[in-house]
Amino acid sequence: MSTTTPVRTAKEGPEETPPHGSEEHGRVSGGLFDPAQLLKSLPDAFRKLDPRVMVKSPVMFVVLIGSVVTTGLALKDPGSWFGWAITVWLWLTVLFANLAEAVAEGRGKAQADTLRKAKTDTVARRLTEDGRGEESVPGTELRVGDLVVCEAGDIIPGDGDVVEGVASVDESAITGESAPVIRESGGDRSAVTGGTKVLSDRIVIKITTKPGETFIDRMINLVEGAARQKTPNEIALNILLASLTIVFLLAVVTLQPFAIYAGAEQTMIVLAALLVCLIPTTIGALLSAIGIAGMDRLVQRNVLAMSGRAVEAAGDVSTLLLDKTGTITYGNRQASEFVPVKGVTAAEVADAAQLSSLADETPEGRSIVVLATGKYGLDERHQSELVGAEWVPFTAQTRMSGVDVDGRKVRKGATGSVIAWVEERGGTVADDARALTDQISQAGGTPLLVAREDEKGARVLGVIHLKDVVKEGMRERFEELRRMGIKTVMITGDNPLTAKAIAEEAGVDDFLAEATPEDKMALIKREQAGGKLVAMTGDGTNDAPALAQADVGVAMNTGTSAAKEAGNMVDLDSDPTKLIEIVEIGKQLLITRGALTTFSIANDVAKYFAIIPAMFAVAYPGLDKLNIMNLASPESAILSAVIFNALIIVALVPLALKGVRYRPMSADSMLRRNLLIYGLGGLISPFIGIKIIDLLISLIPGIG
Amino acid sequence: MSPVLSGVLQLTALVAALALVYRPLGDHMARVYSSEKHLRVEKWIYRSIGADPDAEMRWPAYLRGILAFSVAGVLFLYLLQRIQGVLPESLSLGFTAISPDQAFNTAASFVANTNWQSYSGEQAMGHAVQTLGLAVQNFVSAAVGMAVAVALVRGFARSRTGDLGNFWADLVRGTVRILLPISVIGALVLVACGAIQNFAGIHEIGQLTGGTQQVNGGAVASQEVIKELGTNGGGYFNANSAHPFENPNAFTNLFEIFLILVIPFALTRTFGKLVGNVKQGYAILATMGLIWLGFTALMMWTEFAHHGPALQAAGGAMEGKEQRFGIGGTAIFATSTTLTSTGAVDGFHSSLTGLGGGITLLGMMLGEIAPGGVGSGLYGMLVMAVIAVFIAGLMVGRTPEYLGKKIGTREIKLAACYILVTPTLVLGFTALSMALATPPDSILNSAENSVNGSGAHGFSEVLYAFTSGANNNGSAFGGLNANTQWYNTTIGLAMLLGRFVPMVFVLALAGSLAEQKPVPETAGTLRTEKPLFAGLLVGAILIITGLTYFPALALGPMAEGLS
C-alpha cells in the first residue's frame with residue numbers, strides 16, 4: 001500500500017516548513033548583506049575599471065569617460081578644490097558600481113570554492129572491456145560510456161547512472177543535505193553526481209558526461225557567473241538606459257552654446273558633473289548585480305538555474321503543473337474518519353480499528369492509530385500492553401492486519417479481504433457497509449473495512465475512510481497564486497474521481513487525472529499555444545520531453561540524468577513545492593530591476609533643481625527661485641548632487657542583492673505599492689539627501 | 001462677466017462639445033478603417049493611382065507607400081511654388097516664384113503636416129499654390145498621420161501576421177470618409193459666422209489714418225477648417241487665426257479649437273474599438289486629457305495673473321492677443337495648438353508671458369501627444385505607453401506586456417529610437433544655430449540682447465523654431481526672422497526628419513507587434529486600462545521629456561518668466 005520510499009519519507013520534514021524559511025537549511029547561509037563584503041570586494045572593483053570591461057555597461061562607461069576628463073582638467077588647474085572634489089566623487093561613482101557587481105559575484109565565488117573542494121582529483125576504478133577486471137584511471141580520463149565501480153568510502157568519479165547495485169550516497173557536497181540518499185540501478189533514482197561519496201554497498205556506474213562538463217563543473221561556472229548571459233529583459237532595459245544616456249548626453253552637450261549665448265559659459269567639470277547626475281547611474285551601476293544576485297538567491301534555495309533566461313521566464317509563468325504526490329498531498333493516504341454501520345457506535349469502530357492497526361507498520365496503519373487516539377479520544381495502546389495477544393501484521397498478500405486477543409478477533413483491511421474473512425467465519429456483512437464503501441470511493445477516498453469476531457459472531461463494524469491528505473496551507477498558497485494570475489494544474493495518476501476530490505480540496509484550478517507523460521506534454525503544448533508560459537517539475541526519464549518543452553522545467557536532483565539534462569533548473573533538495581518559490585524569485589528579480597529604474601529616473605528631478613540654479617543663477621538671477629533646497633553655494637550644490645548620486649549606489653547595494661520585498665498580490669496593488677515607494681520615494685529622497693550633504697559640505701571651512 | 005469666468009465657461013463648453021462627439025466620431029473612424037467595402041469614388045481613385053486597396057502590406061511596404069507618396073508631394077509642391085511666376089494672374093494673384101530655399105521649406109512643411117510658414121500668406125502665395133498645393137496637403141498629410149496610427153493599432157490588435165493593412169486604402173478613406181465630410185460641415189459653419197470664401201483678387205482699401213492697405217480674398221473658410229481639423233496650422237494669412245477673415249469671432253475661435261482637438265481625442269475611441277477594449281482607449285484619453293487640461297489651466301493662470309500695473313489694468317497680459325477672443329480664448333487656443341501638431345495661432349505666442357511661452361514650448365516638446373496631431377498624437381502616445389509599460393511592467397514582476405503583446409528587446413529598441421529623434425533634432429539644430437556666427441542675427445534685437453544679457457527671450461525664439469519644426473507644429477515665436485537660407489534649410493530638414501524618421505520606427509514596431517502571438521491576460525498582468533496606469537503614463541511623459549529639455553527651458557522661458 002505504501003508508495004513512498006524511505007528516502008522520500010525522510011524528506012517530509014523540510015517539505016513541511018514554510019517556504020520562506022528554507023534559507024535556514026540551505027547550503028549557503030542566508031541572503032543577508034554583510035558590509036564586510038564591500039571591503040573584501042574592493043580589489044575586484046578596481047580590477048573592473050578596465051575600459052574593456054566597463055564598456056559592457058554604457059551608462060557606467062560614460063561616467064568613466066567623465067572621470068578621466070575631469071581628472072585631466074583638475075590636473076591642468078590643480079589649485080581648484082572644486083575640480084578635485086568632483087573628480088574624486090566621479091571616480092567613486094564608477095568604483096561603487098564595480099563594487100556592487102564585485103560583491104554580487106563574490107558571494108558566488110565563495111560557493112564555487114566549496115564546490116571545487118568536492119572536485120578533488122579522484123581515481124576511478126574502471127571496468128575493463130571484458131567486464132571482469134578493473135583498472136585505475138584518473139577521473140579526468142573517463143569517457144562517456146565507461147563503467148566504473150564504487151564501493152563504500154569511494155568518491156564517485158563522474159556523473160552517471162547506476163547500472164548495477166544499490167548504495168547509500170552522501171550528496172552533501174552538492175546539496176548540503178547530510179542525510180544519505182539511496183541510489184539504485186533502474187528506475188528514477190539511478191543518477192549519481194561526480195564528487196559525491198558512496199557510504200555503503202557497491203554500485204557500478206555508467207559515465208554519462210565528459211570530464212569538465214559534469215554537473216559540478218556546470219554548477220561552479222553558474223555560481224561564479226562565468227556562464228552568465230544577459231537575459232532578454234536585461235538587454236531591453238540596457239537599451240532603454242542607453243537611449244536615456246544619449247538623450248542626456250545631448251541635453252548636456254548642447255547646453256554649452258545656449259549658456260554662452262546667455263553669457264554664462266560653463267566649465268567642462270560642471271558639465272561632466274551634470275551629465276553624470278542625469279544619466280541613470282543608479283540602475284546602470286546595479287543592473288548586473290541584480291541579475292547575479294537573482295541567480296544567487298536561487299542557489300541559496302538549492303536550485304540551480306542553467307540560464308538566467310529561465311529565472312526570468314519563471315516570473316512570467318502563468319500555468320504551474322504540480323505533481324499531486326509530494327507537492328499537494330503528503331504522498332500517502334491517511335485515515336480521516338471512522339464510519340460505523342447501523343447499530344454500531346463510532347467509538348466501537350475506532351476501538352476495533354486502533355486495535356487491529358497496532359500491528360500495521362505502514363503509514364496508513366499508523367495514521368489509523370493516530371486518528372483513534374487523537375480525534376476519537378481513545379487511550380494510547382501498545383502491542384506490549386496486551387498480554388497473550390496474537391498479532392497479525394499487514395502483508396501485501398493478506399491485505400489485512402489485526403489481532404486475536406481475549407477470544408476476540410479484530411481485523412481491518414481492504415474491502416474484499418475483510419468481506420472474505422467475515423464470510424469465511426459465517427458472519428454477516430451489514431447491508432449498509434457496501435453503500436458506505438461506495439460513498440467513500442466516489443469521494444476520492446479509499447475505504448477499509450473493520451470487522452470483529454466475538455461471542456456475537458463475525459461481522460463488519462464499520463469503515464475507515466482513508467484519504468490523500470492535502471498539505472496544510474496549500475489552499476492558501478494556490479489562492480495567492482491565483483491572485484498573482486497563475487493557474488495551477490494538478491497532475492496525478494489517480495482516477496478522475498479521486499483526482500477531482502483532491503483538486504477541490506486543495507483548491508487547484510484544474511487537474512489532469514490518469515496522466516501519462518504524453519498527456520502532460522499535450523497539456524503543456526495546449527497552454528503554450530494560448531501564449532502561456534508553463535512551469536513544471538519532474539524527475540523521471542519519461543518526464544524529460546515535458547521538462548524540455550516547459551518554459552521552466554525543474555528537475556529533481558534525485559531524478560534521472562535524462563530529466564536533469566532536459567530541465568532548465570535542477571532542485572538539489574528535490575522538493576517539488578519549490579516551484580512556487582522559483583516563480584516568486586523570478587518575479588522579484590524583475591521587480592527589483594523595474595523599481596530601481598523608476599527610482600533612478602525619478603532622482604533626476606531633484607538633481608536639476610540643485611544644479612541648474614547653481615549654473616545659471618548668476619546670469620539669470622530669477623533662476624535662483626529654482627533653488628528650492630536653498631543650497632549654500634553653487635559649488636556645494638553641484639558637489640552635493642554628485643556625492644548623493646555616488647552614495648545612493650552604495651546605499652542601494654543591499655537592496656539590489658536581496659531584491660525588493662515581494663509578497664504575492666495582484667498586479668494592481670503591487671504597482672501601486674512599488675510606485676509609491678520607488679517612484680515617489682525616488683522623487684523626494686534626493687531632495688532630502690542633497691540638502692543634508694550640502695549642509696555638511698557648507699560646514700567645511702573655506703568652502704561653504 | 002469677468003474674463004476668468006468667461007475663460008472657464010469657454011473651456012467647459014469645449015469639453016462638453018468634445019465629449020458629445022467622442023463616441024460617434026470614434027466609432028465612425030473605427031468602422032472606416034475596418035470596413036471591407038469601398039465607396040465608388042474611392043474605387044475610382046484606386047484605379048487612377050493603380051493601387052489594390054485589398055492587398056495587405058507588411059510594414060516595409062506600408063512605409064514605402066508613405067515615403068513614395070510624401071516625396072511626390074514635396075516635389076509637386078516645390079515645383080508649383082517655383083512656377084508661380086509664370087502662372088496666369090487669376091491663379092498667382094501676380095505673385096512671383098518662391099525662392100528655392102523657401103519653396104523647399106514650405107513644401108517640406110506642408111507635407112510633414114507642420115505648416116511652418118517662413119512666408120507671409122497674403123504676400124506670397126496665389127490661389128493655385130494655396131488651393132491646389134497647400135490645401136491638398138492639408139488633407140493628405142493629415143490622412144497619412146492617421147494611417148500610421150491605424151497601422152500601429154493594427155499591430156496591437158493583430159497576431160501572428162506581419163500585415164498592417166493597406167496604406168492606399170487607409171489614406172484615401174481617411175481623406176474621403178473622415179476629413180472631407182467634417183470639413184464641408186465645418187466650412188459652412190465658418191462661412192455662416194463670417195469667415196470669407198471666394199476667389200477674389202486683391203482689394204486696395206483706404207485706411208483711417210490716410211494710408212492704403214491691400215486685402216486679399218480667397219477660399220479661406222475651406223482652408224481654415226482643414227487647417228484646424230487636420231492639425232496643420234498653415235494660415236491663409238500671415239496673422240493666421242488671429243485674422244478676422246479666418247477667425248471672425250469668439251464662437252469661431254472656440255469652434256476652431258474644437259476642430260483641432262476633435263479627431264485626436266476621438267482617435268482614442270477608435271483605438272479602443274480596434275483593439276477590442278474601449279477601456280484601453282479611455283485610459284489613453286484620460287492621459288491626454290489630463291495633460292491638456294493641466295496645461296490649459298496653467299496657461300490661463302500665468303496669462304491672467306501676470307503682474308505689472310498695465311497688465312493688471314487690462315485684466316492680464318493682453319499684448320499680442322485679440323480683444324475679441326480675450327485671454328481665456330487665447331490661452332485655450334495656445335495650449336491646444338501646441339499640444340497638437342497644429343501650430344495655428346489666434347494670438348502672438350512670442351507675446352505670451354515668459355512662463356506662458358514655456359508652456360507652449362513644453363507642450364510641443366512632450367512630442368505633441370496630448371492629444372497630439374491627427375494620428376501622430378495617438379502613435380506618439382502609444383510609444384510612450386510602451387516605454388511606461390516596460391518600466392511599470394517590470395515592477396509587477398513580469399516581462400512587460402501591453403494589450404497582450406510582449407514588450408521585448410526589439411520593441412524597446414524601436415521605442416527608444418523613436419524618443420531619440422526629436423530631442424536630437426531640436427537640441428542639435430538649436431545648439432548649432434546658437435554656436436554659429438550668423439544664425440543668431442535672426443533673433444529680434446539680437447545685438448541688444450547679447451549686450452545687456454537679457455537674451456532669454458531671444459534664445460526662446462530659436463528654441464521655439466526648431467521645437468516647432470521637429471515636432472511638426474508650425475507655430476512660431478514671431479520675433480525670429482526665419483526666412484534665411486540657414487533657417488529655411490535646417491527647419492525644413494527638421495520637419496521632414498521629425499515627421500518621417502519616427503514613422504519608420506512606429507511602423508517597424510507595428511510590424512513586430514503584429515507578428516507576436518498574444519499573451520492572455522491574467523490577474524498578474526499590468527492593467528493598462530486603470531487610472532493608476534494613466535497617472536503613471538502622465539508622470540513618465542512629464543519626467544522623461546521634461547528632463548530632456550529642462551536645461552534649455554531654464555535658459556529660455558524660465559529665465560524670462562521667473563525674473
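In the text below, chain A, chain B and the rest are named by the order of the sequence lines, each starting its count at 1.
Each of A:Phe248, A:Phe616, A:Tyr678 has some count of heavy-atom pairs under 4.5 Å with chain B, and the biggest count is that of A:Phe616. Among A:Ser666, A:Gly586, A:Ser669, A:Gly530, the residue making the largest number of heavy-atom pairs under 4.5 Å with chain B is A:Gly530. With chain A as partner, the option from B:Thr548, B:Ile419, B:Val462, B:Leu463 having the largest number of non-hydrogen pairs under 4.5 angstrom is B:Thr548. Ranking B:Ile407, B:Leu427, B:Leu536 against chain A, the residue ahead of the rest is B:Leu427, based on heavy-atom pairs under 4.5 Å. Comparing A:Ile611, A:Asp316, A:Ile239, A:Leu533 by how many heavy-atom pairs each has under 4.5 Å with chain B, the most go to A:Asp316. Ranked by heavy-atom pairs under 4.5 Å with chain A, the first of B:Val519, B:Leu432, B:Thr424 is B:Thr424. Note: A:Thr598 leads A:Ile235, A:Thr597, A:Thr598 in heavy-atom pairs under 4.5 Å with chain B. Per-residue heavy-atom pair counts under 4.5 Å with chain B were compared for A:Ala314, A:Gly263, A:Ala595, and the maximum is reached by A:Ala595. Annotation: maximal heavy-atom pairing with chain B below 4.5 Å, among A:Leu278, A:Leu237, A:Ile601, occurs at A:Leu237. Looking only at heavy-atom pairs under 4.5 Å with chain A, the residue among B:Ala435, B:Ala416, B:Ala559 that has the most is B:Ala559. The most heavy-atom pairs under 4.5 Å with chain A, out of B:Ser159, B:Pro423, B:Pro520, come from B:Pro520.
Residues A:Leu240 and B:Phe390 come closest through the heavy atom pair CD2-CD2, 3.8 Å. Here the closest heavy-atom approach between residue A:Arg483 and residue B:Ala523 is recorded as O-CB, 3.3 Å. When all heavy atoms of A:Tyr261 and B:Ile443 are compared, the closest pair comes out as OH-CD1, 3.5 Å. Closest non-hydrogen pair, A:Ala667 versus B:Thr525, comes out as CB-O, 3.2 Å. Scanning both residues, A:Ala262 and B:Leu555, for their nearest heavy atoms gives CB-CD2, 4.3 Å. The shortest non-hydrogen separation linking B:Pro400 to A:Asn233 is CD-OD1, 3.7 Å.
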Using the rule given for side-chain contact (heavy atoms from CB on, under 4.5 Å), can you reason through A:Ile260 versus B:Met434, listing the C-alpha separation, both sets of side-chain angles and the distance that settles it, and then say yes or no? CA-CA 9 Å; A:Ile260 294 172; B:Met434 301 313 291; over 6 Å; no
Original post:
Which is it for B:Val396 and A:Ile591 under the side-chain contact (heavy atoms from CB on, under 4.5 Å) test, yes or no, and what are the steps along the way?
Top reply: CA-CA 6 Å; B:Val396 303; A:Ile591 295 172; 5.9 Å; no
Let me see the working for A:Val605 and B:Leu547 under side-chain contact (heavy atoms from CB on, under 4.5 Å), right down to the final yes or no. CA-CA 7 Å; A:Val605 177; B:Leu547 290 180; 4.2 Å; yes
**Request:** Step by step, work out the side-chain contact (heavy atoms from CB on, under 4.5 Å) result for A:Leu671 and B:Leu532.
**Result:** CA-CA 8 Å; A:Leu671 180 62; B:Leu532 183 65; 3.7 Å; yes
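Contacts between B:Thr399 and chain A at a heavy-atom distance below 4.5 Å involve backbone atoms as well as side-chain atoms. In this structure, chain A has a heavy atom under 4.5 Å from the side chain of B:Ile387, while its backbone stays farther away. At a 4.5 Å heavy-atom cutoff, the contact between A:Lys532 and chain B is made by backbone and side-chain atoms alike. In this structure, the portion of B:Ile543 lying under 4.5 Å from any heavy atom of chain A is its side chain and not its backbone. With a 4.5 Å cut-off on non-hydrogen atoms, A:Ala529 touches chain B through its backbone but not through its side chain. Of the atoms belonging to A:Val252, not a single heavy atom falls under 4.5 Å from chain B. Neither the backbone nor the side chain of A:Arg673 has a heavy atom closer than 4.5 Å to any heavy atom of chain B. Contact annotation for B:Ser433: neither backbone nor side-chain heavy atoms come within less than 4.5 Å of a heavy atom of chain A. With a 4.5 angstrom heavy-atom cutoff, B:Pro551 touches chain A via backbone and side-chain atoms both.
The number of heavy atoms from other shown groups lying within 6.0 Å of NZ (A:Lys625) is above 12. By the 6.0 Å contact criterion, CE on A:Met665 is enclosed, its count of non-hydrogen atoms from other residues, nucleotides or ligands being greater than 12. For B:Trp486, the CH2 atom is densely surrounded, since the number of other residues' heavy atoms within 6.0 Å is greater than 12.
For the side-chain contact (heavy atoms from CB on, under 4.5 Å) test with B:Met395, the passing option among A:Asn674, A:Thr592, A:Ile677 is A:Asn674; the others fail.
Between the OH atom of A:Tyr620 and the CE atom of B:Met558 there is a distance of 13.5 Å, given to the nearest 0.5 Å. Here A:Asp668 contributes atom CG and B:Lys530 contributes atom NZ; the two are 4.0 Å apart, rounded to the nearest 0.5 Å. With rounding to the nearest 0.5 Å, the separation of OG1 in B:Thr409 from CD in A:Glu234 is 10.5 Å. Atom CZ of residue B:Phe533 and atom CG of residue A:Leu675 lie 10.5 Å apart, to the nearest 0.5 angstrom. Separation of atoms CD (A:Glu312) and CG (B:Leu394) is listed at 8.0 Å; rounding is to 0.5 Å.
In this structure a side-chain-to-backbone donor-acceptor pair under 3.5 Å is missing from B:Lys517 to A:Gly531.
Not counting sequence neighbours, the partners of A:Tyr608 by the ring pair (Phe, Tyr, Trp, His ring centres under 6.0 Å) test are B:Phe550.
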